[in-house]
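These notes concern the structure reproduced below.
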Amino acid sequence: MKRSRKKEWNNRNDQNLLLWLALLIVAATLLTGCGASKEASSVETTMASVHQREKLHIAAAADLTRAFQELTQQFEEEQGIVAELSFGSTGTYAMQIENGAHYDVFAAANVAFVERLRQQGLTIEDTQKLYAQGRIGIATMKKQGVTIESLEELIEDQRIHKVAIADPSHAPYGTAAQEALQHRGLWEDLQGKLVYGRNIQDTLVLLQTGNVDAAIIALSIHDSEQLNFTLIDDNWHNPLNQAITVVKSTKQEEKARAFVDYLLSEKGQQIMNKYGFVLPED
């Protein structure tokens with residue numbers, strides 16, 4: 001009888017011991033798992049931070065929207081460098097860089113703004129390059145069934161009530177439009193119809209959304225399936241010489257230089273030509 005009770009006591013002790021061991025193993029597994037999870041999370045956060053830091057930030061003129069989207073995609077595929085694009089008016093970006101904005105590369109629609117930054121010591125001088133020359137033209141929506149083939153028609157055609165151009169005070173393509181209208185003696189007469197876009201891409205949107213009946217936009221952003229487009233004689237305005245440069249405050253000078261070189265390479269220039277830009281050697 002005593003032996004039986006002793007055996008039962010020993011069995012209970014063995015069961016309790018096994019239960020404690022199992023609990024200890026489970027607790028250790030959970031702690032190890034939490035540690036690994038935290039470590040993985042930390043690694044992911046660090047990698048995300050590094051990835052964000054290593055992106056090349058490019059401030060580009062709005063007329064480059066279609067060309068640079070294709071060019072940077074090809075650049076990334078071939079060289080493994082991720083480029084983040086911001087599009088807007090050249091004058092606005094120049095002012096932002098003067099006020100300390102952190103861009104690695106500045107691609108302007110007018111070399112005068114790049115030159116202004118160079119004179120202030122805000123760019124790396126030997127990276128300043130002309131990469132293209134732009135053209136402007138008169139655009140209307142095909143679905144509206146109106147085609148405008150001269151600047152004079154913007155005033156004479158009774159179907160044209162509003163005309164958009166980019167703001168000439170800071171957008172080179174708007175300045176060129178103003179110069180062309182002044183050259184033809186139409187600037188004053190057109191004042192009652194003019195609507196200003198913040199940049200050339202915004203000017204296109206004014207037309208696409210029906211806020212204006214016609215617009216003077218860049219050849220590089222016009223879609224021939226959507227728009228009627230008539231080129232304006234480039235002798236009627238100053239040349240739209242476009243320049244690029246690396247911003248001196250960049251922390252990624254080597255990558256920024258690689259982008260400038262790629263833009264000027266045969267592959268880069270082919271893309272620019274595809275979107276209607278005149279190339280420097282032409």
Side-chain angles (χ1 to χ4, degrees), residues 60-69 87-92 108-110 112 132-242 272-279 282:
D63 70 295
L64 298 167
T65 302
R66 300 175 74 203
F68 265 32
Q69 283 173 344
F87 294 108
S89 80
T90 291
T92 300
N110 188 323
Q133 191 177 81
R135 296 292 305 275
I136 57 173
I138 309 164
T140 54
M141 296 296 292
K142 282 187 174 178
K143 64 183 181 183
Q144 293 180 332
V146 178
T147 301
I148 300 297
E149 297 182 341
S150 71
L151 292 175
E152 285 74 9
E153 288 180 63
L154 293 175
I155 295 173
E156 296 166 357
D157 195 312
Q158 298 302 307
R159 296 170 296 179
I160 303 300
H161 304 286
K162 294 290 180 184
V163 178
I165 67 171
D167 190 335
S169 68
H170 56 80
Y173 278 80
T175 304
Q178 179 180 357
E179 290 170 349
L181 289 164
Q182 288 173 330
H183 177 83
R184 301 297 294 171
L186 304 169
W187 178 248
E188 296 299 329
D189 292 338
L190 198 61
Q191 288 301 303
K193 292 186 177 182
L194 282 179
V195 176
Y196 296 111
R198 290 169 297 180
N199 53 61
I200 203 63
Q201 190 67 39
D202 187 48
T203 305
L204 172 60
V205 172
L206 288 171
L207 177 64
Q208 292 172 321
T209 55
N211 285 291
V212 298
D213 308 297
I216 298 177
I217 63 171
L219 169 63
S220 59
I221 61 171
H222 104 277
D223 181 348
S224 59
E225 293 185 1
Q226 184 185 56
L227 303 174
N228 296 313
F229 188 82
T230 302
L231 272 175
I232 293 174
D233 192 326
D234 57 359
N235 291 311
W236 297 351
H237 59 82
N238 287 314
L240 282 158
N241 290 325
Q242 306 201 188
M272 299 303 289
N273 188 239
K274 174 182 172 182
Y275 289 96
F277 288 101
V278 179
L279 305 181
D282 289 346

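If you're wondering where the values come from, they're calculated on a predicted model, not measured in any experiment.
Of the N and O atoms on the side chains of Asp234 and Gln133, not one donor lies less than 3.5 Å from an acceptor on the other residue.
Taking CZ of Phe277 as the reference point, atom CE of Met272 lies at 4.0 Å (rounded to 0.5 Å). Arg159 CZ to Thr147 OG1: the interatomic distance, rounded to the nearest 0.5 Å, is 8.0 Å. Atoms CD1 and CG, from Ile155 and Asp189 in turn, are 4.5 Å apart once rounded to the nearest 0.5 Å. Within the model, atoms CD of Gln226 and CE of Met141 stand 4.0 Å from one another, a figure rounded to the nearest 0.5 Å. The line from CD1 of Ile136 to NE2 of His222 is 14.0 Å long, rounded to the nearest 0.5 Å. Note that CG of Leu219 and OH of Tyr275 are 12.0 Å apart. Values are rounded to the nearest 0.5 Å.
Partner Leu204 forms a side chain to side chain contact (heavy atoms under 4.5 Å, CB included) with one of Ile221, Thr209, Asp223 and no other, that one being Ile221. Considering Glu152, Glu153, Glu179 as possible partners of Arg184, the one that fulfils the salt bridge (charged side-chain N to carboxylate O under 4.0 Å, His left out) test is Glu152. The side chain to side chain contact (heavy atoms under 4.5 Å, CB included) test with Ile216 singles out one residue from Leu181, Thr230, Ile148, Thr203, and that residue is Leu181.
Side-chain N or O atoms of Thr90 include none that pairs as donor or acceptor with a backbone N or O of Ala171 at under 3.5 Å. In this structure, the side chain of Asn199 does not engage the main chain of Ala61 through any donor-acceptor pair within 3.5 Å. In terms of modelled atom types and a separation under 3.5 Å, the side chain of Asp167 and the main chain of Arg198 share no donor-acceptor contact. Panel note: side chain Lys142, backbone Ser224; a donor-acceptor pair is recorded below 3.5 Å. Judged by distance alone, with hydrogens and angles left aside, the side-chain atoms of Lys162 form no donor-acceptor pair with the main-chain N or O of Asn211 at under 3.5 Å. Listed for the Gln158 side chain is a donor-acceptor partner under 3.5 Å among the backbone atoms of Glu156. Counting only distance, with no hydrogens or angles, the side chain of Asp202 and the backbone of Gly197 share no donor-acceptor pair below 3.5 Å.
Here the shortest heavy-atom pairing between Ile165 and Gly174 reads CD1-O, 4.2 Å. The two residues Ala180 and Ile232 make their nearest non-hydrogen contact at CB-CG2, 4.0 Å. Across all non-hydrogen atoms, the minimal contact from Ala60 to Phe68 is CB-CD2, 3.9 Å. Nearest heavy-atom pair across Gln144 and Asp213 is OE1-O, 3.9 Å.
The shortest side-chain heavy-atom distance between Asn110 and Thr175 does not fall under the 4.5 Å cut-off. The shortest distance between side-chain heavy atoms of Leu154 and Leu190 falls below 4.5 Å. The shortest distance between side-chain heavy atoms of Tyr173 and Ser89 does not fall below 4.5 Å.
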From CA spacing to verdict: side-chain contact (heavy atoms from CB on, under 4.5 Å), Ile138, Phe229:
CA-CA 6 Å; Ile138 309 164; Phe229 188 82; over 6 Å; no
Test Arg135 against Leu231 for side-chain contact (heavy atoms from CB on, under 4.5 Å), laying out the working first.
CA-CA 7 Å; Arg135 296 292 305 275; Leu231 272 175; 3.8 Å; yes
Derivation of the side-chain contact (heavy atoms from CB on, under 4.5 Å) call for Val212 and Leu207:
CA-CA 5 Å; Val212 298; Leu207 177 64; 4.1 Å; yes
Is there a side-chain contact (heavy atoms from CB on, under 4.5 Å) between Asp63 and Leu240 once you walk through the steps?
CA-CA 11 Å; Asp63 70 295; Leu240 282 158; over 6 Å; no
